[in-house]
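All residue numbers refer to positions in the sequence shown, counting from 1.
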Amino acid sequence: MEELSHWINGQHVKGTSGRFADVMNPATGEVQARVPLASKEELDAAVADAAAAQPAWAAMNPQKRARVMMAFVQLINRDIDKLAEALSREHGKTFPDAKGDVQRGLEVVEFCIGAPHHLKGEFTDSAGPGIDMYSLRQPLGVAAGITPFNFPAMIPMWKMAPALVCGNAFILKPSERDPSVPLMLAELLKEAGLPDGVLQVINGDKESVDAILDNPVIAGVGFVGSTPIAEYIYSRGCANGKRVQCFGGAKNHMIIMPDADLDQAADALVGAGYGAAGERCMAISVAVPVGEETADRLMEKLVPKVEALKIGPYTSGDDVDFGPVVTAAAKENILRLVQTGIDQGAELLVDGRDFSLQGYENGFFVGAHLFDRVTTDMDIYKTEIFGPVLSTVRAKTYEEAIGYAMDHEYGNGTAIFTRDGDTARDFANRINIGMVGINVPIPVPLAYHTFGGWKKSGFGDLNQHGPDAFRFYTRTKTVTARWPSGIKEGGEFSIPVME
């Protein structure tokens, strides 16, 4: 059985804690590798080495750091199929979806090539007599990222690329469920010219997370995962004086107006609700048709599309819509919540509980489920299921529909399908949710805008990627410089003011 490693000081290093986690093949249910779980001592040693390597990296001019990112982009493009295959094998995504995972991370790396522009400070000439004033954007020092299983390529690149190009050293703690791709990315960064020690990949569990949060050298921490863990990391990291950004769970609503193109809306719901087996923080998990007639027509179109979804392993090729969920525990939890929905009175129009794939009976496959007439007091409405389950909540009016999304505790993403520009504009302006789609079901911003949710979907005041990433991974220093034109005598004892 393959034994994975950490990535420390530019090379693969075996773990010394004696603790390991199994890395599963979700399609077969078999253990395919094991990954070491770092101790606090291992984490702290890696941080110390990163801190020693960081000053020389920060002293390199931004254009040269950007050239490392440029080379990194070329290497990812060279190895994208290899990265996607490893990702599919450990996560279970279809191969095209895995390539999309890599591609959306790659786009952020491409944006980071523009670091010399984004790191420019401000300058004021002659702010006072003989006085110039300017600001500098300087790296935090050592930053860390704690990333989730569902995007093992994209989210690590969202975190480490901006942090590194800003001149920081970076500690990446990827999910122990699918750690191979982050290790492969570390190899590519070394090949691209990143100095040893500037990026450390430390595999681990809660012990490693707590060691990151408590280590006094780490100045900033980014996290993506569930809301309870996001709240824990945010509170503990902030209590330790760190800059922290955490992105949590979601329950994304898609409102379908009576004037919407229902064929387009149904296709959008199928892709956004069931893609990646629903294991996306931007998945649409709640459909909200406005009016009984709209709801009935939508269900007529949606049911056969959901029933026709093809489920299978990534090795089946591109003719598969989604694969297994990541673990047996995840499958069990999804089916438990489905049963709860039935018990609480929702109508199960498409029942995937008995789904089984010949030859893959031990895999973590979950059939597609479609609920209708879900109400807001049901567990399947309140809880992030993170599986191939779409709930339909019928609304009588637009105001009722928008109220469902606004009243939910999560505020990650939302969408509206309509032909009416006034309705769309009102929705975009009023909704208290961080990312909005208008006739776009998964409104993930492109790399040069920022990604982030509101309410219990996001903690911290700066978003991921885009300009906010450069703000998060740097500190502003303001310098006031005076170069007198003549010799001055005597001190000044009053606070300086403009003359």
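Residues Phe95 and Leu87 form no side-chain contact, since every pair of their non-hydrogen atoms from C-beta on lies 4.5 Å or further apart. Under the 4.5 Å side-chain criterion, counting only non-hydrogen atoms from C-beta, Lys251 is not in contact with Lys382. Within the 4.5 Å cutoff, side-chain heavy atoms of His91 are placed close to those of Glu279. Taking 4.5 Å as the limit, every side-chain heavy atom of Arg236 sits out of range of all side-chain heavy atoms of Val221. Looking only at side-chain heavy atoms (C-beta outward), Met133 and Val479 stay at 4.5 Å or farther from each other. For the pair Asn203/Leu37, no side-chain contact is recorded, criterion being any heavy-atom separation below 4.5 Å from C-beta on.
The pair Glu85-Lys82 does not count as a salt bridge, with every side-chain nitrogen at least 4.0 angstrom from each carboxylate oxygen. Ionic pairing of Arg78 and Glu191 is present here: one or more N-O contacts between side-chain nitrogen and carboxylate oxygen are shorter than 4.0 angstrom. A salt bridge does not link Arg336 with Glu332: none of the charged nitrogens is closer than 4.0 Å to a carboxylate oxygen. Using a 4.0 Å cut-off between charged nitrogen and carboxylate oxygen, Asp97 and Arg280 count as a salt-bridge pair. The residues Glu207 and Arg19 are annotated as salt-bridged, a charged nitrogen and a carboxylate oxygen being separated by less than 4.0 angstrom.
In terms of heavy atoms, Tyr448 sits closest to Pro467 at O-CD, 3.6 Å.
For Trp454 and Tyr410, the ring centers sit 6.0 Å or farther from each other. Checked against the 6.0 Å centroid threshold, His253 and His408 count as a close aromatic pair.
Between the side chain of Gln464 and the main chain of Ile155, no donor-acceptor pair closer than 3.5 Å is present.
For the pair Lys173 and Phe223, the cation does not sit on the ring face, since its NZ or CZ is not both under 6.0 Å from the ring centre and inside 45° of the axis.
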Please determine whether side chain to side chain contact (heavy atoms under 4.5 Å, CB included) holds for the pair Lys455 and Glu409, giving the CA-CA distance in whole Å, both sets of side-chain angles, and the decisive distance to 0.1 Å.
CA-CA 6 Å; Lys455 297 184 282 187; Glu409 66 175 345; over 6 Å; no

